Structure formats: structure tokens, C-alpha cells
Amino acid sequence: MPVHNAEIAEMFDQTAELLEIKGDNPFRTRAYRRAARVLEGLPKSAAAMLSAGEDLAELPGIGHDLAGKIASIVETGKFDVLQSLKRELPGDLGEIVAIPGLGPKRVKVLIDELGVRSIEDVRRAVKSGRLNELRGFGPKLQKNIAAALAKPVAVKRFKLPFAEAEATALIEWLRGGLDGGQVVVAGSFRRRRDTVGDLDVLATSANAAAVGDRLAHYENVAQVIAHGPTRTTVVLRSGIQVDLRVVEEKSYGAALLYFTGSKAHNIALRNIAVDRGWKLNEYGLFSKTRSIAGAPEAEIYKKLGLQFVPPELREDRGEIALAQKNALPKLVQLSDIRGDLHVHSNWSDGDAPIAEMAQAARARGYEYMALTDHSRRVTVAHGLDRARLLRQIREVDRLNGKLRGFTVLKGVEVDILADGSLDLPDEVLSRLDIVVAAVHYKFDLPRDEQTERIIRAMDNPRVSVLAHPTGRLIEERGPYDIDVDRVMKAAKERGCCLELNAEPDRLDLTDVAAKAAKALGVKIAISTDAHSTAGLAYMRYGVDQARRGWLEPDDVINTRPLRELKKLIRR
DNA sequence: GCCGTTTTCGGCCCGACTGTTTTCAGTCG
């Protein structure tokens, strides 16, 4: 059973946490955390890199020591450093440090003075009043801890449409209290991550306190966490946290840069500034106390000798080195998209007739749309059998006869059966313009079986695109257990494309996987999987994710005019 | 633990807010 990068990253994060509690060298703990982030952003599994003879120490943030530790984890599945730390500091310490206000230092005090090992121990300590004996645990902190214990906040991330709705209403409210000035959402929202943990809002005003006050008085605020002169943190009724930062106009670019992150990207930029004898913070780029740049974000990159880095790339995954060489990818944009290659109609589980979907796609400025209703096995979606699909083909032919300057591609989302065969006979599939294949049942097959099932489906040369390749549903269902490396290599060998499903509950492939696909030369279809005319609008989420995966127009098949597209989807 | 035209040791991003304490540590982003 190969060890996933995410598992190694988790081991390193836990190690960092325990080292922090021990009071170890903070730069050592940071090294573990940085390595964890690097592993998460790696396009290939460390295990595969090692077996290919690659030297992990060449990765940024990973030296010979950690490279050796990763190799040992890959080999044994265990991390001896973490195991001995756990013996030294037993219990569920991770849960305890997750309580707001309890960091490593205070947890150490709880362990040493009261022998606390679990959240239950903390609860008992609060009730018994034993915290009063401890230095640094005043009445307010105790009250906050008690409140957090009473209402444990589930660690949750929010999907983009929800975050957008919350952000739009909030920004409107904040703008209502400003005469001019900027109000923008930065953070992972601006970087267009598939989910956001909170909303980082940046405003410019000469009267920072007034903006903070206005946030605190927003009707949807459930709780004010912190409220200082330039920074205010609240939790909205919906559970999402909002961090507001207010700066003067002259610092807007620097503050936007700082508040957009990612943290790793910021640290890398600040290090470049330090190398030049400067200082970069949220107020500007400074030489001693003299400001060199600050208002437009782009100017800061320029002064640091860097090409402007689009927010989607700011993850410290190699973008800075490329920006230094003026060699960043020219990322795909929504306006590059010429059609949608995964669309349902009311013939299966969609809401609208084919003609309406086509009309809506055309209204988006597209040249084509692939109609890909479900196949018969997907009974809950009224999947099409041979006879109905043949009827649908005739209907699409009739419709295309009436349309001018727009083409409905005849297609299907054919179900991949448990043994990797397809749910419709080749004789029918061969009459279509495009075949999109997908798994909808049997998510729990063992890894090898699941991987081979999918590869076998791609063995069929009629299959043009593998839809939602990992099957994940964000915050609901993890990916099915497949060897993504193998699936991608198989797709490359067979000339099959992979889908980046733009539906914001899916966003499947992930950013990291899309980047890996590009590295292998696998072409991507960004498709909405729309089940209604409104669903076609999800395309922008798919493009955002593709940009995070470093994709350029050439990597994406549905940026091509119809004639060129057709060459790519028939094998 | 990483890293290097300030190199193999001695640095390591930078600042806001809270609570407790009396000048600042801890936490958080």
C-alpha cells in the first residue's frame, strides 16, 4: 500500500505540532510545516519519485535529512520521530491546540502542571477551577476556553458559491459606509482555491476604525472575535469567519499582496526583499523607512524583479522562480473557452430540453456544446439505453440542421461498469461525436481494481474524455481509491483526455492533479456537467481551478475551434 | 531542519490583537 503525499504531510504537521509543544527550535518546526505544504503541492507522489530514482532533496524546503525521512516513511509506512514524540507526549493534543486561545505554550503548561492529555481533561480542569493556579490563565481566557468547549467549532471549509454569496452581501454593506475607497476579498478566495476557510476582506480608508465598526455592526455577525483599530475579526451567523483589514490608500497594493497570500508565497517574497536589504510588509516595500512601492500590487512584484504573479499561482509551487525569469505560464481564461463538453438535458436527469441547453450555451458565446446524457445503468437519472440514444441522435441532427454557427455534438456520459466495460455497445458509441466516460457506482473497489477498471474503460478508443476522474464531492465524499499517476499515464498513452469538472461541488481534477496532467502532456476538457441552463455558468469555477493547475489555453481542448476539437476527441 | 555572489554556520517574514501584567508573551494570520 503506497503512502500518499498527504499522509506524509499529515505526519510532518503532527510532528511540528508536538515539537512546538515541547518548545523545540521554532525554525525546525517551520521546516516540517513547509515540507508538508511542499508535499501537498507535489504533482507526483513521493513514492513514485523515489522509485524513479529522483532526489527529493532537490525539492525546495526539503534537504537531505527530510528526504531521508520521507524515504523511510515510504518504505515503512511509519515515522519514527513522530512515534517517539507521541510516546513522550501522549494523548489528543491536536484537539487541544485547536481550541482558540490555546497554543503550544499554554498546552505545555496544562500538560506539565495538570497532566492534561485530552479535551476531557481540559474540561475537568476548567470546571474544577484548577486553571486559576496557572500563570497566564486569567478569567477571560478561561471563559473563552469554556465557551469553545461548550460549542466546538467544526473545522470546516466553505465552497466557493457559498463564500461568494456571503462576500457579495458583506461587501455591499461595507461599501455603504465608505465614501470611495476599496473593499475587496483577498485570501484563498482571491486565489480561487476550491474551498475557503474564511473571508479575508481588505478595505482602504483614512478612517480605519469606522470601517471596523461597520463590520462589527453588520446584521449577520454572530460574534466579534477581535476588534482593533485596523483589524477586526467576526464570525457570521452562517459560521464563516471574516477578517477585515483596513489600510490607507497608499498601502493598498502591499496590503492586497499580504492579505492574498498564500503565506508561503508571502514569506518567499519577503525573503527576496530581505536579500536586497529591504523590508516587505502589509504597508509597503521599504528601504530603511523610505517607501519604494506600495499602492499597486504589480509595482511590488516589479521592484522585486518579478513578473506579476496571478493570484491563482501564489502557492510557492515554483511560480517565484519562473517569475524571476519572466517565464510564468500564460494562463487559460474564461474568454478562451469555445464550448462545453459535458452537458445534460431532460432526456436524462437535466432540467431543460436539448434546444434550450443549446440556446443557453450559444448565448454564452460558445461555438459548440456536447450533449452527454447518462447511459442506462444510471437508472436514477433515467439513463439512455440504445434505442433512446439513437432517437436522441436523430433529434440532435434535426436541431443542428436548424442552428447556424453553433453545433451540438452528439455524445453520451457512458457509465463505466465494475469490470471496466462500458454501459453501451460500441456499435452505438461509434455513431457519436464524443464519448465521455465516468464511474457512478462501486466507489469502494480496492485501489488496484478501481485503477484497472478505469484504465480498461480508456482502452476503448471511442472514449474521448474521462469525466470527474476521482469522483470526489467536496466536503462530502473523498476521491475513490485510485492510482492517479497510473490513470494519467494511461490516458496519455491512449490519447484520452481528462475532465476538469467545473461543478463547484466537484472541481475534479484538483489543481495539483491538473498540474500533474499538464506535466505529462495529458489534455484537459474543462466542462460544467450542467444539468440546467444556469449550470453552464459554472465554467468560470473550472477555469479558475485550471489556472491554479497552471493550465494554458493549449492544454485545454475546449479552447479549440470545432474543427480542431474534432481531431482531438476522435481517436 | 533548510540554506548559501553576506556560504557549511548562523541566520531564518512581519505585524495586529488579546489578556495578563506593569512592559510583554502568546496566539493568530
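In this text, all values refer to a predicted model and were calculated from it rather than measured experimentally. Residue numbers start from 1 in every chain, and the chains themselves are labelled A, B, ... in the order their sequence lines are given, proteins ahead of strands.
Rounded to an integer number of Å, the gap from A:Leu134 CG to B:dT20 P is 12 Å. Atoms CG (A:Leu215) and C1' (B:dC17) sit 15 Å apart, rounded to a whole Å. Atom P of nucleotide B:dC13 and atom CZ of A:Phe286 are separated by 18 Å, given to the nearest angstrom. The NE2 atom of A:His265 sits 13 Å away from the C1' atom of B:dC13 (whole-angstrom rounding). Computed from coordinates, the A:Glu58 CD to B:dC2 P distance equals 14 Å when rounded to whole Å. Computed from coordinates, the A:Leu59 CG to B:dC3 C1' distance equals 15 Å when rounded to whole Å. At whole-Å resolution of the value, CG in A:Asp275 and P in B:dC3 are 14 Å apart.
Using P as the reference atom, B:dG1 and B:dT6 are 28 Å apart when rounded to the nearest Å. Only the C1' atoms considered, B:dC12 is 25 Å distant from B:dC17, to the nearest whole Å. Comparing B:dC24 with B:dC13, their P atoms are spaced 23 Å from each other, to the whole Å. Between B:dC9 and B:dC14, the two C1' atoms lie 24 Å apart (nearest whole Å). B:dG29 and B:dT22 are spaced 28 Å apart, taking the C1' atom of each and rounding to whole Å. B:dT20 and B:dG26 have their C1' atoms separated by 10 Å, with the value rounded to a whole Å.
Ring pair A:Tyr541/A:Tyr538 is tilted by interplanar angle, where 30° to 60° counts as tilted. Ring geometry for A:Tyr32 versus A:Phe79: interplanar angle of 30 to 60°, hence tilted.
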Kindly give the atom pairs (protein nitrogen or oxygen, nucleotide nitrogen or oxygen) under 3.5 Å for nucleotides 8-10 of chain B.
none

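Below the 3.5 angstrom threshold, one finds no donor paired with an acceptor across the side chain of A:Asn144 and the base of B:dG19.
For A:Lys279, whose side chain is taken as the heavy atoms from C-beta onward, the closest listed nucleotide among B:dT20, B:dA16, B:dC14 is B:dC14. Nearest to the side chain of A:Leu66, among B:dT20, B:dT21, B:dC2, sits B:dC2.
Note on A:Arg245: only backbone sugar-phosphate atoms sit closer than 4.0 angstrom, heavy atoms only; bases stay farther off. Within the 4.0 angstrom heavy-atom criterion, only backbone atoms of the sugar-phosphate kind lie near A:Lys69; the bases stay farther away. Contact annotation for A:Pro60: backbone-only contact, meaning every heavy-atom pair under 4.0 Å involves sugar-phosphate atoms and none involves a base. Residue A:Leu269 is classed as having no contact, given no heavy-atom separation below 4.0 Å to the nucleic acid.
A search for ring-ring contact (aromatic ring centres under 6.0 Å, His included) contacts involving A:Phe27 returns nothing, not counting sequence neighbours.
Base pairing of B:dC2 is made with B:dG11, judged by Watson-Crick or G-U wobble geometry with both donor-acceptor distances under 3.5 Å.
Atom CD of A:Glu249 has more than 12 neighbouring heavy atoms from other residues, nucleotides or ligands inside a 6.0 Å radius.
Under 3.5 Å, the side chains of A:Asn220 and A:Tyr218 contain a donor-acceptor pair of N or O atoms.
Stacking of A:Arg157 on the aromatic ring of A:Phe189 is not recorded, the 6.0 Å distance cut-off and the 45° axial limit not both being met.
Between A:Arg37 and A:Asp13 there is a salt bridge, since at least one side-chain N of the basic residue sits less than 4.0 Å from a carboxylate O of the acidic one. For the pair A:Lys69 and A:Asp65, the salt-bridge criterion is met [side-chain N within less than 4.0 Å of a carboxylate O]. Electrostatic pairing of A:Arg190 and A:Glu297 counts as a salt bridge here, judged by a charged N lying under 4.0 Å from a carboxylate O.
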Derivation of the salt bridge (Lys or Arg N to Asp or Glu O under 4.0 Å) call for A:Asp511 and A:Arg317: CA-CA 11 Å; A:Asp511 51 358; A:Arg317 291 177 184 164; 3.4 Å; yes
Protein proximity profile, nucleotides 24-29 of chain B - base contact B, sugar-phosphate-only contact S, no contact -, cut-off 4.0 Å on heavy atoms: --SSSB
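Checked by atom type and distance alone, the side chain of A:Ser287 never pairs as donor or acceptor with a backbone atom of A:Arg290 at under 3.5 Å.
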